[in-house]
2 protein chains.
Amino acid sequence: MTGNPVLDAIDAAILRELQNDARISNKDLAARVNVAASTCLERVRALQRRGVLAGFHAEADPAALGRPLQAYIAVRVRPHNRDVVEPFIRFVLDLPETLALSHIAGPDDFLVHVAVRDAAHLQRLLLDGFTSRREVAHLETQLIFQHHRKWDISPI
Amino acid sequence: MTGNPVLDAIDAAILRELQNDARISNKDLAARVNVAASTCLERVRALQRRGVLAGFHAEADPAALGRPLQAYIAVRVRPHNRDVVEPFIRFVLDLPETLALSHIAGPDDFLVHVAVRDAAHLQRLLLDGFTSRREVAHLETQLIFQHHRKWDISPI
DNA sequence: ACCGCTTCCGAATAGTCTTCGGCACATGAC
DNA sequence: GTCATGTGCCGAAGACTATTCGGAAGCGGT
C-alpha cells in the first residue's frame, strides 16, 4: 500500500495538476492527463487512500486579510521535555498569527512563522504571547521580506 | 472594491470552509454558510477578484513521495545585491527539494525549507547545490522533527 | 416617496459526477 | 497453448451540480 515505490506518469500528472489548481473539474483533469473521467476519479481516490494526496486547501493572502508583515520567531524552551513541549505546540498553533510551526534540532527548539498587521502587532505578540510564558527561555525574531512557497512537489 | 477593510461573517465562513476543503461543491459550501448557491458562487468569485482567495492547491505528503526528511537551510549570500540575489532565488525555487524560500532580515539572508530522501541526500544537496555556488558565503542547516502548517488563516 | 445601487434569491438549462457492466491485457498454473 | 484470475480502463446513463439571469428586497441619499 504505502510500499509502492513510485507514481506512474499519470499519477504524477494528476498530482501536478491538482497542486496547481485543486478546484479543476474531474472532467478537465481527465482531459489534461489523457484518461477517461471515470479512470481519473478512481486514480484521485487511490492517491487519497494512499496518503499521497493529503488534502485540498484554498490559499488565502495574509496581506489581503490585513496581515502584510511576516516573521520567523526562533524559540528556546526550557525544560525541553514532553510536559512542556506539547502544551507549547498547542499554544502556538492556537494563535491566530501563526502560519506554521516547526520543531527543530539545534540551538533553537522551535521556529514559528507568523503573519501580523504591523511591527507594533509583532511586538505585542512577542511580549504578551511568548516572553510572558515561563517555559520560553530565549527568542530571536527575523523579519521576512519575501516568502515564496512552491505548490507543486514532485516525487524525488 | 479592494478598499473594503474587513470580510463580513459570510465571507469569513466561506474562506474558512475553502481553506479546510477546497474541493467542496458550491452547493455544499452554500449550505454550510447559509446562503443560496448562486450567491455563494458570486461571493467566491468576488473573493478571488479581490485577491483574498489567491488559489486552490492539493496538499501532497512529501513523506509519501519518498522525501520524509525536512530541514531549514540558512544561507548568507555575498555580495547581497540584486544581480546576485535574483538568480539565487530562481535557482533555489527550481530545486525539486525546495518547499519554500524566505528572504529575511538578519545575519542570514535566506531560509530555505527543503524535503529530502535522507541525510545523504541532504548532504549532497548542501555540497553540490549550495556550497558549490560562488555567492554562498555561509550555510547553517537545521533538521525539522515535526512541521505543522495551519491551513485556515483568519482576518486579523 | 423616489431613485440608484447593491445584494440576494430561485428557476431553469447546461453541464458534470459517479456508478456500473463489460472489455482488454497481463500473469501464472498446468 | 489455454485457461483462470486479477487489474485497470472505458463509455453510457441517471443523478446531481454549476451557472446564468430576471426580478425582488434592502439601504442611503435627496
Side-chain angles (χ1 to χ4, degrees), chain A residues 1-61 64-66 151-156, chain B residues 1-61 64-66 151-156:
Chain A
M1 194 161 287
T2 65
N4 220 3
V6 291
L7 268 44
D8 69 13
I10 293 173
D11 284 336
I14 288 174
L15 210 53
R16 178 165 31 79
E17 296 297 336
L18 284 178
Q19 285 181 106
N20 279 332
D21 178 9
R23 266 181 99 75
I24 188 174
S25 78
N26 183 59
K27 192 194 176 215
D28 288 351
L29 177 58
R32 276 173 189 268
V33 304
N34 295 313
V35 293
S38 49
T39 303
C40 189
L41 194 64
E42 181 45 33
R43 289 262 192 169
V44 171
R45 293 209 265 232
L47 287 170
Q48 292 183 271
R49 255 181 277 127
R50 289 163 60 185
V52 176
L53 275 173
F56 302 95
H57 307 279
E59 173 197 4
D61 179 6
L65 294 174
W151 293 109
D152 56 320
I153 306 176
S154 48
I156 310 190
Chain B
M1 195 159 286
T2 65
N4 223 2
V6 290
L7 268 44
D8 67 13
I10 293 173
D11 284 336
I14 288 174
L15 210 53
R16 177 165 32 79
E17 296 297 335
L18 284 178
Q19 286 181 106
N20 279 333
D21 178 9
R23 269 180 95 76
I24 188 176
S25 77
N26 182 60
K27 191 193 176 217
D28 288 352
L29 178 58
R32 276 172 189 268
V33 304
N34 297 311
V35 293
S38 50
T39 304
C40 189
L41 195 63
E42 180 45 33
R43 289 262 191 170
V44 171
R45 293 209 265 233
L47 288 170
Q48 291 183 273
R49 255 180 276 127
R50 289 162 62 184
V52 176
L53 275 173
F56 303 95
H57 307 279
E59 173 197 5
D61 178 6
L65 293 173
W151 292 110
D152 57 319
I153 307 176
S154 48
I156 308 190

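Letters A, B, ... mirror the listed sequences (proteins, then strands); counts begin at 1.
Scanning all heavy atoms of the two residues, the minimum distance from B:Asp61 to A:Gly51 falls at CB-O, 3.4 Å.
Atom CG of B:Asp21 is separated from atom CZ of B:Arg16 by 13.5 Å, given to the nearest 0.5 angstrom. Atom CD1 in A:Ile153 sits 8.5 Å away from atom CG in A:Leu15 (nearest 0.5 Å). Between the CG atom of A:Asn26 and the CG atom of A:Leu41 there is a distance of 5.0 Å, given to the nearest 0.5 Å. Atom CZ of B:Arg32 sits about 8.5 Å away from atom CG of B:Asn20, to the nearest 0.5 Å. For the atom pair CD (A:Gln19) and CD (A:Glu17), the distance works out to 10.5 Å, reported to the nearest 0.5 Å.
Each of B:Glu59, B:Arg23, B:His57 was evaluated against A:His57; a single residue qualifies, B:Glu59, per the side chain to side chain contact (heavy atoms under 4.5 Å, CB included) test. Remark: of the listed residues B:Ile14, B:Asp11, B:Thr39, B:Ile14 is the sole one forming a side chain to side chain contact (heavy atoms under 4.5 Å, CB included) with B:Val44.
Straight-line distance from the CD1 atom of A:Ile10 to the C1' atom of D:dG8: 10 Å, rounded to whole Å. Look at CG on A:Asp11: it is 12 Å from C1' on D:dG8, rounded to the nearest Å.
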Quick one: what's the B/S/- string for nucleotides 12-23 of chain D, heavy-atom cutoff under 4.0 Å, read 5' to 3'?
-----SSBB---
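In the 5' to 3' direction, nucleotides of DNA chain C lying under 4.0 Å from heavy atoms of chain B begin and end at C:dC8 to C:dG10.
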